[in-house]
Amino acid sequence: MTRRVTLLWHGNHPIGICVFSAPSRSLALRNRFFGIIKGSADAFSLKKMNQQLWVLSRIVLHPTYRGAGLASDFVRASCSSCPVPWIETLSVMGHLNPFFEKAGFKRVGVIRKEQKMSARQYSRLYGGSNLTSETVRKSAHAEPVYYVFDNRQPGSGNHPL
């Protein structure tokens with residue numbers, strides 16, 4: 001479910017987009033970072049999480065503007081405009097480029113998986129329930145980096161979800 005979309009404009013032309021969505025039900029690195037107890041995902045807990053955590057699920061910048069140093073500032077500003085205290089994202093590119101760190105995200109860890117996993121195991125790993133065989137095949141070797149953006153006001157303390 002899409003929560004917010006922000007656009008980056010150059011004159012009258014949109015040149016970038018950030019899409020924020022609702023988080024998956026469970027993610028092991030999130031649970032560890034925020035101290036969430038496994039199996040505590042009742043309706044109240046999920047509602048509370050959805051009020052406090054969004055996922056930066058897509059970032060696109062027009063190819064002409066890539067490499068100009070705009071993207072990290074755009075992502076930081078987009079995250080800061082969100083009305084939630086926490087934003088998370090996953091990125092395989094995090095292994096090669098510190099883009100999210102430049103935008104203000106904290107690198108929490110890497111989602112490691114066994115070499116051979118069933119669709120059901122992938123579903124549990126990513127918090128989904130219905131992954132196609134194509135999705136499983138395409139992500140067989142991906143081990144994304146998990147990042148968290150702290151969007152709380154300065155001086156508000158360090159209280160996780």
Side-chain angles (χ1 to χ4, degrees), residues 1-34 36 40-66 68 70-95 97 99-111 113 119-120 122-139 142-153 156 159-161:
M1 170 187 288
T2 301
R3 298 288 187 194
R4 175 175 285 205
V5 175
T6 59
L7 294 173
L8 177 62
W9 294 86
H10 183 231
N12 293 329
H13 304 287
I15 61 168
I17 187 169
C18 286
V19 179
F20 298 89
S21 58
S24 63
R25 182 180 190 114
S26 178
L27 189 64
L29 285 173
R30 176 196 310 137
N31 293 352
R32 193 173 323 135
F33 181 79
F34 289 110
I36 298 171
S40 65
D42 60 23
F44 177 76
S45 298
L46 292 173
K47 182 177 179 182
K48 185 176 177 183
M49 180 175 64
N50 280 313
Q51 292 171 344
Q52 296 184 38
L53 177 73
W54 285 357
V55 177
L56 176 54
S57 55
R58 182 77 62 214
I59 305 162
V60 179
L61 190 64
H62 189 283
T64 302
Y65 298 89
R66 293 179 192 160
L70 301 171
S72 61
D73 289 339
F74 171 52
V75 168
R76 185 181 310 106
S78 294
C79 290
S80 296
S81 76
C82 293
V84 293
W86 300 98
I87 298 163
E88 68 182 10
T89 196
L90 294 164
S91 172
V92 174
M93 287 300 293
H95 294 289
N97 188 329
F99 166 77
F100 284 105
E101 288 97 330
K102 289 178 187 174
F105 281 79
K106 177 181 179 180
R107 182 184 176 122
V108 175
V110 176
I111 295 182
K113 51 190 159 197
R120 183 178 178 155
Y122 273 111
S123 295
R124 282 198 309 256
L125 184 64
Y126 290 109
S129 58
N130 297 316
L131 297 179
T132 66
S133 58
E134 180 181 7
T135 299
V136 171
R137 183 181 53 76
K138 286 181 176 180
S139 63
E143 291 189 334
V145 179
Y146 176 67
Y147 294 96
V148 174
F149 185 87
D150 185 347
N151 200 30
R152 298 169 296 169
Q153 296 297 320
S156 67
H159 304 289
L161 296 174

Rounded to the nearest 0.5 angstrom, the CH2-CZ distance for Trp86 and Phe34 is 5.0 Å
For Val84 and Gln51 the tightest heavy-atom approach is CG1-O, 3.5 Å
Side chain to side chain contact (heavy atoms under 4.5 Å, CB included) assessment of Phe100 paired with Val145: CA-CA 10 Å; Phe100 284 105; Val145 179; over 6 Å; no
By side chain to side chain donor-acceptor pair (under 3.5 Å), Ser81 pairs with (sequence neighbours left out) Arg4
For Leu56 and Thr89 the tightest heavy-atom approach is O-OG1, 2.7 Å
Notebook entry, point to check: Where the side chain of Asn151 meets the backbone of Cys79, is there a donor-acceptor pair that is under 3.5 Å apart?
Noted result: yes
Side chains of Leu27 and Ile111: closer than 4.5 Å at any heavy-atom pair? yes
Flag the pair His95 / Val110 as yes when at least one side-chain heavy-atom distance between them is below 4.5 Å, and no otherwise. yes
Check the orientation of Tyr147 and Phe105. Use parallel for under 30°, tilted for 30 to 60°, and perpendicular for over 60°.
perpendicular
Side-chain polar contacts of residues 58-65 - donor-acceptor pairs under 3.5 angstrom, sequence neighbours left out - could you list them?
residue: His62; atom: ND1; partner: Thr64; partner atom: N; Å: 3.0
residue: His62; atom: ND1; partner: Thr64; partner atom: OG1; Å: 3.1
residue: Tyr65; atom: OH; partner: His10; partner atom: ND1; Å: 2.8

Rounded to the nearest 0.5 angstrom, the OG-CD1 distance for Ser78 and Ile87 is 9.0 Å
State whether the side chain of Arg107 and the backbone N or O of Gly94 hold a donor-acceptor pair below 3.5 Å, judged by distance alone. yes
Interatomic distance, OG@Ser91 vs OH@Tyr146, rounded to 0.5 Å, equals 13.5 Å
(message) Can you classify the ring geometry of Phe20 versus Trp54 as parallel (below 30°), tilted (30 to 60°) or perpendicular (above 60°)?
(response) tilted
Sorted by chain and number, sequence neighbours left out, salt bridge (charged side-chain N to carboxylate O under 4.0 Å, His left out) with Arg76 holds for Asp73
All heavy atoms of Thr6 vs all of Phe74, minimum pair found to be O-CZ, 3.7 Å
Between Ala103 and Phe149, the two heavy atoms sitting closest are O-CE1, 3.4 Å
When every non-hydrogen atom of Val55 is compared with those of Ala22, the smallest separation belongs to CG2-O, 3.9 Å
For Gln52 and Pro85, the nearest pair of non-hydrogen atoms, with its separation, is O-CD, 3.3 Å
Evaluate the side-chain proximity of Arg3 to Asn50: yes if any heavy-atom separation is below 4.5 Å, no if none is.
yes
* Any side-chain heavy atom of Glu88 sitting closer than 4.5 Å to one from Leu29? -> no
